[in-house]
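Chain letters run A, B, ... following the sequence lines, proteins first and then strands; every chain starts at 1. Given the structure is predicted, the values throughout are model-derived calculations rather than measurements.
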Number of protein chains: 2
Amino acid sequence: MEHLQEQHPAHSLAFVEDPEHGLKVPVTEIALDDAPNGEANAPLRVYRTSGPGSDPVMGLPAFRSAWIAERGDTAPYEGRERNLLDDGRSAVRRGEASAEWKGAKPVPLRAKPGQRVTQMHYARAGVVTPEMRFVALRENCDVELVRSEVAAGRAIIPNNINHPESEPMIIGKAFLVKINANIGNSAVTSSIEEEVDKLQWATKWGADTVMDLSTGDDIHTTREWIIRNSPVPIGTVPIYQALEKVNGDASALTWEIFRDTVIEQCEQGVDYMTIHAGVLLRYVPLTAERVTGIVSRGGSIMAGWCLAHHEENFLYTHFDELCEIFAQYDVAFSLGDGLRPGSTADANDAAQFAELDTLAELTKRAWKYDVQVMVEGPGHIPFHLVRENVERQQELCDGAPFYTLGPLVTDVAPGYDHITSAIGATEIARYGTAMLCYVTPKEHLGLPNKDDVKTGVITYKIAAHAADLAKGHPGAHERDDALSKARFEFRWRDQFSLSLDPATAEAFHDETLPAEPAKTAHFCSMCGPKFCSMRISQDIRNEFGSKAAQEELVDIAAGMRQKSEEFLATGGKVYLPETITVGAPE
Amino acid sequence: MEHLQEQHPAHSLAFVEDPEHGLKVPVTEIALDDAPNGEANAPLRVYRTSGPGSDPVMGLPAFRSAWIAERGDTAPYEGRERNLLDDGRSAVRRGEASAEWKGAKPVPLRAKPGQRVTQMHYARAGVVTPEMRFVALRENCDVELVRSEVAAGRAIIPNNINHPESEPMIIGKAFLVKINANIGNSAVTSSIEEEVDKLQWATKWGADTVMDLSTGDDIHTTREWIIRNSPVPIGTVPIYQALEKVNGDASALTWEIFRDTVIEQCEQGVDYMTIHAGVLLRYVPLTAERVTGIVSRGGSIMAGWCLAHHEENFLYTHFDELCEIFAQYDVAFSLGDGLRPGSTADANDAAQFAELDTLAELTKRAWKYDVQVMVEGPGHIPFHLVRENVERQQELCDGAPFYTLGPLVTDVAPGYDHITSAIGATEIARYGTAMLCYVTPKEHLGLPNKDDVKTGVITYKIAAHAADLAKGHPGAHERDDALSKARFEFRWRDQFSLSLDPATAEAFHDETLPAEPAKTAHFCSMCGPKFCSMRISQDIRNEFGSKAAQEELVDIAAGMRQKSEEFLATGGKVYLPETITVGAPE
């Protein structure tokens with residue numbers, strides 16, 4: 001299976017183990033060549049999101065089932081009946097989805113009456129779950145940090161009990177910055193097979209979660225294939241599917257249709273759902289003077305509904321019911337920012353911050369039900385206004401994880417918005433955003449293909465990792481240092497295997513110097529073989545690597561300075577450090 | 001000529017004029033379609049770096065010659081004799097360069113005895129030159145700002161009197177952030193034709209200056225072709241050519257060989273030169289313990305020389321002579337950071353900051369000769385340490401323009417270092433860096449081809465522009481706002497033509513929705529034709545665009561709230577904003 005291939009021949013699957021609790025966390029181990037002086041370079045282990053690999057028609061093993069069963073607070077039940085409309089009008093016509101899921105389908109579980117089965121509930125009760133231990137091994141941190149952050153609402157472990165195939169991961173500012181990749185079909189393009197392929201592709205390159213934003217045909221069945229094959233949490237925006245059920249007419253939406261869609265997705269195993277409950281009727285007019293109005297799809301659906309009915313957003317008025325449902329499956333809220341700015345001109349405006357106030361209120365309401373929450377953020381924000389977004393969100397929402405799209409720091413570069421947004425993403429993650437939603441080069445223009453997904457994921461791994469370094473996250477610099485050492489030692493193969501995209505790095509190198517010996521050569525194409533700055537540095541280290549040699553040189557330099565000073569004292573001219581006062585220009 | 005083609009059919013060459021002084025500054029005018037309501041959208045004028053266009057074998061007209069002559073402080077002279085070794089050993093064998101320059105070659109000028117012909121000299125004397133007026137028109141600012149910033153050393157106008165083809169531009173933190181593109185051949189690849197092509201390509205996409213870093217054959221002649229065709233200032237690192245003259249043996253370099261190379265380049269018209277005069281003998285051992293030693297090519301050449309001779313760097317000891325030379329041609333210093341960190345592990349270390357102290361000293365020394373100066377900066381810096389670099393440089397160097405390479409904020413992504421570095425570049429420019437040296441996707445791996453040059457330039461236009469927005473530079477947001485308005489109004493063609501890379505934006509759009517009608521459709525591929533968030537926003541604006549309508553909705557919302565409050569007062573339950581105290585986790 002293509003998916004099971006490692007990124008590079010030097011990469012292999014290894015495990016960090018906790019034998020006491022029977023836990024094995026997959027990591028990628030990168031083998032390294034010896035240093036030129038013969039010293040061995042220890043292999044480097046890095047975080048791995050691609051899971052054990054699966055055949056798409058079979059799905060992944062339900063490895064968390066035993067943990068869930070052991071807690072004894074859930075029970076299987078018949079579940080909601082399958083409705084062909086879940087897959088859209090074409091499935092109703094056809095009598096089936098275009099490619100029915102034939103693999104094993106777990107019987108839906110939900111909490112026994114009166115129980116809450118969320119990781120937040122356990123954490124608050126002082127219970128350390130296997131999920132928390134798995135996360136602690138993965139993050140290389142103390143499990144008590146995991147438990148206490150989840151208990152306080154500052155981190156979430158999104159793991160629906162009906163998605164037992166998923167490997168626990170944590171989203172919170174005390175942990176590694178995570179990234180999300182959006183996939184999903186639309187009315188104009190894509191197939192189920194392609195979407196599963198994108199899922200596996202995205203997690204291979206490092207997506208920590210994946211959102212299925214399908215709006216086309218076969219929404220239910222596409223999601224089934226995705227969840228059954230996903231080693232990472234899956235997020236959705238259920239209003240998208242609900243809208244399809246009413247044939248795209250926002251005003252025809254009802255709480256009942258929405259609620260039914262949420263139950264459908266809870267039973268399938270969706271781990272977190274974007275809920276645009278902060279788009280209040282009275283906020284809608286605040287967007288009328290904007291350059292780009294409401295750009296969030298979910299936000300505009302709810303705004304459209306509010307206006308059509310002149311009633312308050314039903315997601316807001318029924319929010320407590322949603323909390324009760326989510327608590328039964330351990331679905332996390334991703335509180336949608338339906339009024340996020342769609343242009344730098346609209347950044348940090350009254351509409352955006354009014355909604356944030358409501359999201360803060362809803363965060364605390366969800367916590368009353370032990371439901372895990374993260375809060376979504378923008379969008380398009382000029383660089384100097386980015387920091388305010390995360391600091392304000394962290395303060396208002398008592399540290400609930402912030403999950404932002406970019407933000408893009410300029411509007412002038414469609415086709416390059418993975419870059420415009422990675423700049424803002426690094427800044428916002430540095431100040432505490434816990435997860436970054438990727439942006440691909442196709443943003444604003446079209447639907448991402450496989451190449452775009454890869455480019456988006458790698459660009460966001462860069463932003464997340466740069467933020468980890470900036471935050472001084474323990475161990476974050478190890479991969480940088482290993483790669484830099486390989487660079488200095490002309491271990492070209494190790495430079496490739498340590499990079500986020502080994503094949504691309506190697507291909508770029510080979511474009512200029514394709515011959516095999518160039519991969520072990522002590523030079524590169526920039527300076528050529530005659531002169532090489534790295535080689536001179538090696539010579540310096542060889543000559544002055546010892547303290548004694550360094551001191552000798554400092555002595556020589558000091559001697560020179562002394563001679564200069566003597567010279568100066570006798571009235572001579574010499575080039576010494578001096579402060580020169582530059583006169584005013586006029 | 002390919003070069004003369006505009007980026008897009010909606011782009012055309014226009015001029016901002018100052019008839020009083022006979023000045024015409026080329027700008028790119030972007031024609032826009034009418035808004036859906038029939039209102040005209042005024043064309044947008046944007047900064048243009050591509051010049052009037054030239055046939056490579058003819059070169060550009062020497063349009064600044066009259067300005068230079070009019071000042072009466074320069075005189076033509078015979079100049080240094082052509083030496084075939086200037087073009088390398090292969091030219092000596094061959095008896096000529098591989099493609100001699102056959103176009104017009106201006107007779108070299110230099111200052112009359114006792115004169116200084118630098119823009120800084122004129123600025124300090126209170127003289128407003130045509131170059132300053134040209135810059136002020138280009139930047140849309142007061143000419144007095146230009147003059148006073150140049151006089152104070154906080155900005156430079158790099159325009160060698162022997163490069164009369166160049167259009168004046170300014171580098172300083174009070175002005176638009178500029179970007180530089182590096183081109184040049186190496187021992188392993190490239191031809192003269194390709195390098196001229198890269199120059200025209202780089203300036204077409206927005207490079208404000210270009211550095212010719214050739215290290216292979218035909219260095220002199222390649223540079224001649226480049227300068228004669230360049231509408232932007234050309235920078236070099238003369239030690240590269242000097243090293244070729246001694247066959248790559250750094251220890252064989254002498255001040256005399258270097259000085260002769262500098263004169264050669266002054267006479268050709270190089271506008272600024274990187275001089276690694278801050279690599280002092282006593283600093284060299286400070287690099288011995290680094291992860292990546294000395295990575296600057298020029299830095300390691302000088303370190304190698306210092307070590308071989310156990311003498312102080314001849315660029316430092318002869319610095320005043322260099323100032324005297326530069327003052328005769330108006331060549332600007334770009335004080336090289338030969339000890340810049342080559343990995344995030346080495347960032348902001350003793351070696352780096354020791355050299356910066358010396359660069360500050362040299363800045364002030366150059367100013368004594370009225371020579372314009374900018375100071376080069378790193379390199380590889382973790383995001384949280386970036387700001388310190390520019391603030392320290394600005395303080396130590398009394399505001400002399402900072403010119404940085406990136407910096408890269410992580411080392412783990414070879415193949416994507418245009419992105420890792422654009423993140424750092426935006427941050428460092430936001431706090432005052434005046435010019436950013438681009439990094440291409442081939443950084444660390446190979447030599448950039450034409451595609452890489454374009455990607456590097458556009459990525460850096462993004463960083464520079466994002467910093468301009470963050471600094472609140474007057475007018476910087478106009479292009480963003482025009483594009484956002486076009487987006488909101490579904491003017492797809494205008495979205496393409498307003499973007500930094502119109503053809504790519506259009507191609508990405510067409511990949512998903514290739515049909516011609518899609519370019520005028522009021523939807524896109526993300527949501528499809530059935531539902532569109534932008535359309536709902538339009539509806540909101542249509543309904544609530546008037547104050548009266550907004551107030552009506554606020555009244556409705558207030559009414560709802562009042563009813564809720566009444567309901568609550570009677571003991572009912574309703575979902576109102578409330579502060580919920582979340583108990584301690586345990």
Could you check whether the rings of A:His509 and A:Trp492 sit parallel, tilted or perpendicular, using 30° and 60° as the cut-offs?
tilted
Please state whether the side chain, the backbone, both or neither of [X] comes within less than 4.5 Å of a heavy atom of chain B.
| X | result |
| --- | --- |
| A:His465 | side chain |
| A:Arg479 | both |
| A:Phe496 | side chain |
| A:Leu385 | neither |
| A:Thr287 | side chain |

Most chain A-contacting option - heavy-atom pairs closer than 4.5 Å, from [options]:
| options | answer |
| --- | --- |
| B:Gly415, B:Ala470, B:Gly293 | B:Ala470 |
| B:Asp480, B:Asp481, B:Val291, B:Thr363 | B:Asp480 |
| B:Thr420, B:Val409, B:Ile458 | B:Ile458 |
| B:Leu500, B:Leu483, B:Ile423, B:Val412 | B:Val412 |
| B:Pro414, B:Gly472, B:Pro382 | B:Pro414 |

Less than 4.5 Å apart, any side-chain heavy atom of [X] and any of [Y]?
| X | Y | result |
| --- | --- | --- |
| B:Thr410 | B:Phe383 | no |
| B:Val295 | A:Phe488 | no |
| B:Phe319 | B:Glu361 | no |
| A:Thr358 | A:Tyr283 | yes |

Does NZ or CZ of A:Arg282 lie under 6.0 Å from the centre of the six-membered ring of A:Tyr316, at an angle within 45° of the ring axis?
no
Under the side chain to side chain donor-acceptor pair (under 3.5 Å) test against A:Ser484, which residue among B:Asp411, B:Asp346, B:Thr344 passes?
B:Asp411
Answer with side chain, backbone, both or neither: which region of [X] has an atom nearer than 4.5 Å to a non-hydrogen atom of chain A?
| X | result |
| --- | --- |
| B:Leu469 | both |
| B:Thr426 | both |
| B:Asn449 | side chain |
| B:Pro441 | both |

I'd like to verify something: which residue of [options] has the highest number of heavy-atom pairs under 4.5 Å with chain B?
| options | value |
| --- | --- |
| A:Val386, A:Thr504, A:Asp501 | A:Asp501 |
| A:Lys471, A:Lys461, A:Glu511, A:Lys485 | A:Glu511 |
| A:His418, A:His380, A:His384 | A:His384 |

Taking all heavy atoms of [X] and all of [Y], pick out the closest pair and write down the distance.
| X | Y | answer |
| --- | --- | --- |
| B:Ser343 | B:Thr292 | OG-OG1, 2.9 Å |
| B:Leu213 | B:Tyr240 | O-CD2, 3.8 Å |
| A:Gly299 | A:Ser296 | N-OG, 2.8 Å |

Using only atom types and a distance under 3.5 Å, with no angle test, would you say the side chain of B:Glu312 pairs donor to acceptor with the backbone of B:Leu281?
yes
